[in-house]
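Quick note: residue numbers are just sequence positions, from 1.
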Amino acid sequence: MIEGRNIEKSFGENHVLHDISCRFHTGKTNLIIGQSGSGKNSTDEMLVGLFEVDSGQVFTTTVILQR
């Protein structure tokens, strides 16, 4: 399982994510859908640890990856 709680992210003046929470269970198929530029890639990249979140938490199973 991987989970994001209250994730926020900005790139300079561009605030791309505000208070995003999600949970994905191991062995399940999940989709993140939205318009172009809505933050889908940014969300994915923070959940797997490629970017640090500005605030919020990312968990995998019972380990906190980012705070």
Side-chain angles (χ1 to χ4, degrees):
M1 185 211 39
I2 191 163
E3 178 178 0
R5 292 184 190 164
N6 309 107
I7 295 173
E8 302 213 4
K9 182 66 178 175
S10 295
F11 295 101
E13 295 292 319
N14 189 15
H15 192 77
V16 296
L17 299 174
H18 175 69
D19 197 28
I20 300 296
S21 295
C22 53
R23 181 180 298 161
F24 302 102
H25 294 278
T26 304
K28 300 289 183 182
T29 300
N30 298 276
L31 298 173
I32 299 176
I33 59 173
Q35 295 179 344
S36 178
S38 63
K40 299 176 301 290
N41 272 348
S42 297
T43 300
D44 291 344
E45 290 165 345
M46 281 183 282
L47 289 173
V48 300
L50 295 178
F51 287 131
E52 289 188 25
V53 298
D54 292 340
S55 65
Q57 297 177 314
V58 177
F59 300 86
T60 178
T61 309
T62 57
V63 177
I64 298 175
L65 295 179
Q66 296 178 1
R67 186 175 280 255

What are the two closest non-hydrogen atoms of Ile2 and Leu47, and how far apart are they? CD1-O, 2.7 Å

Any side chain to side chain donor-acceptor pair (under 3.5 Å) involving residues 9-28? Give me the pairs, sequence neighbours left out, ordered by first then second residue. Glu3-Arg23, Asn6-Asp19, Glu8-His18, Ser10-His15

Closest heavy-atom pair and its distance - Glu45, Phe51: OE1-CE1, 2.7 Å

Measure across Ser38 and Gln35 and return the closest heavy-atom pair with its distance rounded to 0.1 Å. OG-O, 2.7 Å

Rounded distance [0.5 Å steps], CG in Leu17 versus OG1 in Thr43: 4.0 Å

Gap separating the OG1 atom of Thr60 from the CZ atom of Phe24, nearest 0.5 angstrom: 12.5 Å

Report the distance from atom CD1 of Ile32 to atom SG of Cys22, rounding to the nearest 0.5 Å. 6.0 Å

